[in-house]
Amino acid sequence: MNKANQFDLIVIGAGHAGIEASLASARMGFQTLVLTIARDMIGAMSCNPAIGGLAKGQLVKEIDALGGEMAHAIDATGIQFRILNMSKGPAVRSSRAQADMFQYRVYTRKVLESQPNLTIAQGLADAILESGEKVRGVRLKSGEEFSAPCVILTTGTFMRGLIHIGLEHYPAGRLGEPPSENLSESLRSLGLELGRLKTGTTPRLDRRTINYEILQTQPGDNPPRPFSFDTEKIDRPQVCCHITHTNERAHEIIRQGLDRSPLYTGVIKGIGPRYCPSIEDKVVKFPDRTRHHIFLEPEGLDTDEIYPNGISTSLPKDVQEKMVHSIEGLEHAVILKPGYAIEYDFVKPTQLKPTLETKALEGLFTAGQINGTSGYEEAGAQGLIAGINAGLKLRGEPAFALDRSQAYIGVMIDDLVTRGTEEPYRMFTSRAEYRLVLREDNADLRLRELGHKIGLVRPEVYERFLHKRQFLEKGLERLDRLTVFPNDATNRLLLRLGTGSLKQTVSGKQLLRRPEFSRECLEQLDPEFAGLPEAVKEELEIQVKYEGYIERELKEIERFQKREQERIKDDFDYDRIPGLSHEVREKLKKVRPASLGQAGRIPGLTPAAISLLQIYLKKFKESSPHAV
């Protein structure tokens, strides 16, 4: 093989997972090849023009803390930033930003093109090459071959992708791009089991034909708060979004069009997303709802395309037009592109290790929608973990995995590899048992050190993090030492700030624990506290106000980690345990849990089965320490 076609790692796909995977590998020092069908579509936002959202914001912050790129990309191209759930507790607050979709692509392509050790090539992957149960490279549709000891598949919706608009359908990986027709069969020949999923997108509207004067305006936060812990401020122009709603007339138009809906005529076989359904599904499954929100989101500063978030559909174009024109403010809206559904193949994720390496073929990793997830953020997080682990494998170093107590990324991957999914998986705060500890504001405190050890966090970034951590430690010490006396001047100030007067001396920490007493109040009592960086003050306030709850959760995490530390070898023979049912044995063999804790999360494993497994693991360990 031509030496120019030999690499350390090949990444197939340059979407959000492919970007993070390839950058991680290249930044770890490995010669990395990115294969993409269209160079101009690197970092394309196939669906909504936004990054973040509930629980997704946490994923982006964690990517950033580990040394990934997504947060930098949205900070450089965002046109509206908002913190969601600000009226609720910090455990469920999440950042979200509208993106300039074109500029996002320009930014990510430039980052990849300027990254040392990274080569971009255009081509359609046709087959995975293997030798002796190890991956050895990739063959393109053109017949050209590239070799590498590690390959990461980040194919998105391209594997046997099939687009549906009404009862018309045609092969495509994304509107206007060809699918990968043969890669699925290549994976099946390697022993991987595939499934079929469906997702969809909305029609795009012409901004100039929308009547904004009668619509509700939705501004962003002022000032906008960056995603990345490294970004000091957002200095790009910001825009407003607008809100409208469907109505009974729109719902009746949809119902009348169901006889030509691929969803309701049995044409689409793949399972769609439960938590981001099409407007057809909303109308049919929630008949009592008289209206549904629609958020009109600009796709960029230099385009007239508007994304009407909330009306994803695969209805025929003429039905889409009637539906859109029945909605307030959209009576004369022109559809620039119709909405569509897309079916595609995915790899059943229980066939993966927590590192995202496949169990069937050494050196082959998968990340993103190919693993059954939906969303740019879920894809980017998986791409980063796959890229890190491919790099560590090439180094000959131990694998890297985050558990459920460390990160939302750990929750997501554990859900996928342990429980699997039969529908597009989306991250939610409710999936995380320890969400008070896994807040987005402390992602750097949780993960920055790990990113530094792997080699993805630049030295100057790590230095700034160390300074922040020192500020926090000193800030907590000062709050403990700060003494507030119950004198007249202090009590007058406290009453003016809306909190009760003091009857006895208290510490700054005790005062900050009061629900109605904020960090802004404390600034007026303590000039030194006022001089701290804003992010440090926010973190101090959260840690103090929720100290009791956090301590309780940390004790639960301690119990969780004890179960996770009871390790099980990959080749453990479950047939050696008498009393386990055939069904339980098959589930354990399929998932191959890495620990007793993971075994306990496999669907269908009863507490009795876990107790039996624990007893025999201990017994086998005592008799043969290397067998478990």
Side-chain angles (χ1 to χ4, degrees), residues 58 61 65 83 85-95 221 223 225 229 232 405-406 429 432-449 463-561:
Q58 279 86 336
K61 295 276 190 176
I83 305 294
N85 279 346
M86 270 305 289
S87 62
K88 299 181 180 179
V92 294
R93 292 175 195 160
S94 303
S95 297
D221 294 342
R225 184 179 297 191
F229 292 101
E232 290 187 11
S405 69
Q406 291 176 291
T429 53
E433 303 94 319
Y434 312 115
R435 55 186 173 273
L436 185 54
V437 170
L438 306 183
R439 306 181 310 275
E440 69 167 36
D441 61 86
N442 70 355
D444 58 339
L445 298 175
R446 291 185 278 118
L447 302 174
R448 187 67 96 188
E449 194 75 51
E463 280 299 315
R464 285 199 298 271
F465 163 71
L466 291 179
H467 287 312
K468 176 183 175 180
R469 197 163 63 182
Q470 287 169 0
F471 271 128
L472 277 169
E473 290 167 357
K474 290 179 180 177
L476 284 170
E477 289 173 7
R478 174 155 184 82
L479 286 174
D480 268 328
R481 291 197 318 268
L482 178 64
T483 303
V484 184
F485 297 99
N487 54 44
D488 290 342
T490 298
N491 282 334
R492 280 197 299 272
L493 177 60
L494 292 176
L495 289 170
R496 193 170 71 247
L497 294 172
T499 185
S501 59
L502 294 178
K503 292 183 174 58
Q504 59 186 24
T505 302
V506 296
S507 69
K509 183 183 278 190
Q510 287 172 312
L511 200 55
L512 192 53
R513 282 201 189 108
R514 292 184 175 189
E516 71 279 7
F517 194 84
S518 66
R519 61 182 182 273
E520 289 82 9
C521 297
L522 190 59
E523 289 175 1
Q524 298 190 42
L525 285 172
D526 183 19
E528 189 171 322
F529 182 84
L532 293 173
E534 189 58 34
V536 172
K537 287 186 283 191
E538 179 185 22
E539 185 63 32
L540 285 169
E541 182 177 20
I542 291 170
Q543 286 192 24
V544 169
K545 284 192 182 300
Y546 294 89
E547 186 175 34
Y549 298 103
I550 291 170
E551 285 179 0
R552 189 187 309 164
E553 203 157 275
L554 289 172
K555 287 177 183 175
E556 291 176 8
I557 287 173
E558 195 176 327
R559 289 192 289 271
F560 162 81
Q561 288 176 338

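On a predicted model such as this, the values are computed, not experimentally measured, just so you know. All values below come from the heavy atoms of this structure, side chains included, with hydrogens, waters and symmetry mates left out.
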Side chains of Glu547 and Gln543, donor plus acceptor under 3.5 Å:
no
Residue pair Glu440 / Ser94, side-chain donor-acceptor N/O under 3.5 Å:
no
Would you list the pairs meeting ring pair (Phe, Tyr, Trp, His ring centres under 6.0 Å) in which at least one residue belongs to residues 537-561, sequence neighbours left out?
Tyr434-Phe560
Count the heavy atoms belonging to other residues, nucleotides or ligands that lie under 6.0 Å from CD of Gln504, then report whether that count exceeds 12.
no
If you count the non-hydrogen atoms of other residues, nucleotides and ligands that lie under 6.0 Å from CD in Glu516, is the total more than 12?
yes
With a 4.5 Å cut-off on side-chain heavy atoms, are [Y] and [X] touching?
{"X": "Arg519", "Y": "Glu538", "value": "yes"}
{"X": "Thr429", "Y": "Leu438", "value": "no"}
{"X": "Lys61", "Y": "Gln58", "value": "no"}

Nearest-0.5 Å distance that lies between atom [atom1] in [X] and atom [atom2] in [Y]:
{"X": "Asp441", "Y": "Glu539", "atom1": "CG", "atom2": "CD", "result": "4.5 Å"}
{"X": "Leu497", "Y": "Glu523", "atom1": "CG", "atom2": "CD", "result": "11.0 Å"}
{"X": "Asp444", "Y": "Arg464", "atom1": "CG", "atom2": "CZ", "result": "11.5 Å"}
{"X": "Leu540", "Y": "Leu512", "atom1": "CG", "atom2": "CG", "result": "8.0 Å"}

Set of ring-ring contact (aromatic ring centres under 6.0 Å, His included) partners for Phe485, sequence neighbours left out
none
Got a sec, which residues hit ring-ring contact (aromatic ring centres under 6.0 Å, His included) with Phe517, two or more places apart in sequence or on another chain?
none
Taking side-chain contact (heavy atoms from CB on, under 4.5 Å) as the test, write out the residues that go with [X], two or more places apart.
{"X": "Pro223", "result": "none"}
{"X": "Asp526", "result": "Arg478, Leu482, Glu528, Phe529"}
{"X": "Leu502", "result": "Val484, Pro486, Thr490, Asn491, Leu494, Val506, Leu511, Arg514"}
{"X": "Glu449", "result": "His452, Lys453, Tyr462, Phe465, Arg469"}

Run the side-chain donor-acceptor check on residues 85-93: report pairs under 3.5 Å with partners two or more places apart or on a different chain.
| unit_1 | atom_1 | unit_2 | atom_2 | d |
| --- | --- | --- | --- | --- |
| Asn85 | ND2 | Val92 | O | 3.0 |
| Arg93 | NE | Lys88 | O | 3.0 |
| Arg93 | NH2 | Lys88 | O | 3.0 |

What's the shortest heavy-atom distance between [X] and [Y], and which atoms?
{"X": "Ala443", "Y": "Ala65", "result": "O-CB, 3.4 Å"}
{"X": "Arg225", "Y": "Ile83", "result": "CD-CD1, 4.1 Å"}
{"X": "Gln510", "Y": "Ser507", "result": "OE1-N, 2.8 Å"}

Test of understanding: with side chain to side chain donor-acceptor pair (under 3.5 Å), list the residues that count as partners of Glu463, not counting sequence neighbours.
none
What pairs with Asp480 under salt bridge (Lys or Arg N to Asp or Glu O under 4.0 Å), at least two apart in sequence or on another chain?
Lys509
Contacts under 3.5 angstrom, residues 552-559 side chains, donor-acceptor by atom type, not counting sequence neighbours:
| unit_1 | atom_1 | unit_2 | atom_2 | d |
| --- | --- | --- | --- | --- |
| Glu553 | OE2 | Leu436 | N | 3.1 |
| Glu553 | OE2 | Val437 | N | 2.9 |

Residue pairs meeting salt bridge (Lys or Arg N to Asp or Glu O under 4.0 Å), one or both in residues 483-506, sequence neighbours left out, come to none
